[in-house]
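Working notes, beginning with the structure itself.
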Amino acid sequence: MEFQTKVDIQSSSWKISPCEKMLFLGSCFADNIGNRFREEQFRAIVNPFGVMYNPASILHSVQELLDSSHEIEGVESYKDRIPQVAIFTLGTNHVYILKETREIVDNCKKRPQHLFVERALSVSECYQYLDEAVSLLRSANPEIKIILTVSPIRYRKYGYHGSQLSKATLQLAADQLVQHYVSEENDNSVCYFPAYEIVNDELRDYRFYKPDMLHPSEQTVEYIYERFAEAYFSEDTRKFLAEWKPIKEALGHKPFHPESEEYKKFMDKTMLKVSMLSKKYPKFAYQKIIK
């Protein structure tokens, strides 16, 4: 007997290598997944200009990323901000427009609500914003791979029917964009990962949510990460992660006596392993992750 409707995810024809340069843009779910990748030493830039929920704001982030006049914390060179893999996590098709300028804003900055008008983007508009974002990244790096996904976080303020309509609009736009590259250009470098579907079809139980019953739990984020890894990680990446795991655990160890000679020797030994790993994997440069 089967007690779960598991989402079928085909293995990608292209794979992500160890410590690859990656970009995560989108909702707070992009933060969750992006930081999980950073823990595994992928060189990930995660929402450098703040959380972006809709396709228009994701486009704005891409434009800022490619504008060398905008500084990004922790990124020194312009070359380092151009990823090999980008993941767009779409949260909603709702946007806020500043009445004075008629422009879509990415952050209301706590200004009074009466200054803005809210409206929902159509499937066509979502497609156009996403297509432009993809085109800009591909112009900066023709070899880039782009993954579209829809955040599993529902929006209570829209009402649950309204939230479903919003997610459906994003899914349709994402599918149209993927199909465009597959059918028009015979190109599979733009694809879709079913994070929303995994939560709603596989993990159909409130135990996989945080107490607010809307945001996925840490266990859920970890499961989505594992399903992603199954589809996209190369064999070299799997080997690196297996070697990195005991080192990561050692670095995360919190000693009772951090000033003791024993702990200092333990850390020297651990850092030696880090050095050896960096020689084996040229892209690896240890990043300390502060939670």
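All values below were derived from every heavy atom in this structure, side-chain atoms included, with hydrogens, water molecules and symmetry-related copies excluded. Numbers here are sequence positions counted from 1. It should be emphasised that the depicted structure is a prediction, and the values quoted were computed from it without experimental measurement.
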Partner residues of Tyr281 under the side chain to side chain donor-acceptor pair (under 3.5 Å) criterion, sequence neighbours left out
Glu243
Looking at every non-hydrogen atom in both residues, tell me the closest pair between [X] and [Y] and how far apart they are.
X      : Y      : result
Lys15  : Ser11  : NZ-OG, 2.5 Å
Glu230 : Arg238 : O-NH2, 3.3 Å
Glu40  : Lys248 : OE2-NZ, 2.8 Å
Phe193 : Ile198 : CZ-CD1, 3.8 Å
Thr237 : Pro18  : OG1-N, 3.0 Å
Asp212 : His215 : OD2-ND1, 2.5 Å

Between atom [atom1] of [X] and atom [atom2] of [Y], what is the distance when rounded to the nearest 0.5 Å?
X      : Y      : atom1 : atom2 : value
Tyr206 : Leu214 : OH    : CG    : 8.0 Å
Asn93  : Leu170 : CG    : CG    : 5.5 Å
Leu98  : Lys109 : CG    : NZ    : 10.5 Å
Asn32  : Ile153 : CG    : CD1   : 6.5 Å
Leu130 : Gln128 : CG    : CD    : 10.5 Å
Ser122 : Tyr127 : OG    : OH    : 13.0 Å

Does any N or O in the side chain of [X] come within less than 3.5 Å of the main-chain N or O of [Y], such that one atom is a donor and the other an acceptor?
X      : Y      : result
Arg43  : Cys19  : yes
Lys239 : Ser234 : no
Ser183 : Gln179 : yes
Ser163 : Tyr155 : yes
Ser151 : Thr89  : no
Trp244 : Leu277 : no
Asn200 : Tyr196 : yes
Thr220 : Phe208 : yes
Asp175 : Gln171 : no
Arg154 : Met213 : yes

Which of Phe233, Phe284, Phe240 passes ring-ring contact (aromatic ring centres under 6.0 Å, His included) with Phe42? Answer is Phe233
In terms of ring plane angle, is the pair His94 and Tyr158 parallel, tilted or perpendicular, where the classes change at 30° and 60°?
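Aromatic pair His94/Tyr158 classed parallel.
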Can you say whether the rings of Phe37 and Tyr225 are parallel (under 30°), tilted (30 to 60°) or perpendicular (over 60°)?
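Perpendicular: the ring planes of Phe37 and Tyr225 meet at over 60°.
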Do the side chains of [Y] and [X] get nearer than 4.5 Å, heavy atoms only?
X      : Y      : answer
Ile147 : Tyr232 : yes
Leu177 : Tyr192 : no
Leu115 : Lys99  : no
Pro83  : Ile144 : yes
Met52  : Asp106 : yes
Arg38  : Asn35  : yes
Ile33  : Phe24  : yes
Phe228 : Ile9   : no

Would you please test Ser275 and Ser278 for side chain to side chain donor-acceptor pair (under 3.5 Å) and show each step?
CA-CA 5 Å; Ser275 178; Ser278 66; 4.5 Å; no
Candidate pair Leu203 and Tyr209, rule side-chain contact (heavy atoms from CB on, under 4.5 Å), full reasoning:
CA-CA 9 Å; Leu203 310 180; Tyr209 289 83; over 6 Å; no
Does Arg111 make a cation-pi contact with Phe116 (under 6.0 Å, within 45 degrees of the axis)?
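No; the conditions do not both hold, so Arg111 does not lie above the ring face of Phe116.
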Is the Phe256-Tyr263 ring centre distance short of 6.0 angstrom?
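Aromatic pair excluded; centres sit 6.0 Å or further apart.
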With a cut-off of 6.0 Å (strictly less than), are more than 12 heavy atoms of other residues, nucleotides or ligands near [atom1] of [X]?
X      : atom1 : result
Gln10  : CD    : no
His253 : NE2   : yes
Glu249 : CD    : yes
Gln4   : CD    : yes

Qualifying residue for salt bridge (charged side-chain N to carboxylate O under 4.0 Å, His left out) with Arg227, from Glu197, Glu222, Glu202:
Glu202
If you group Ile, Leu, Val, Met, Phe, Trp and Tyr by side-chain heavy-atom gaps below 4.5 Å, do [X] and [Y] land in one group?
X      : Y      : answer
Val51  : Leu23  : no
Val221 : Leu25  : no
Leu251 : Phe266 : yes
Val150 : Val95  : yes
Val85  : Ile146 : no

Less than 4.0 Å between a side-chain N and a carboxylate O, is that true for [Y] and [X]?
X      : Y      : value
Lys283 : Asp236 : no
Lys145 : Glu20  : no
Lys265 : Glu262 : no
Asp205 : Arg207 : yes

Evaluation steps, side-chain contact (heavy atoms from CB on, under 4.5 Å), between Met22 and Ile16
CA-CA 9 Å; Met22 300 183 71; Ile16 298 174; 4.0 Å; yes
Step by step, work out the side-chain contact (heavy atoms from CB on, under 4.5 Å) result for His60 and Phe49.
CA-CA 9 Å; His60 297 162; Phe49 309 107; over 6 Å; no
Go through His70 and Gln63 one step at a time and tell me if the side-chain contact (heavy atoms from CB on, under 4.5 Å) criterion holds.
CA-CA 10 Å; His70 291 278; Gln63 291 169 332; over 6 Å; no
Donor + acceptor pair across side chains of Asn54, Thr92 (<3.5 Å)
no
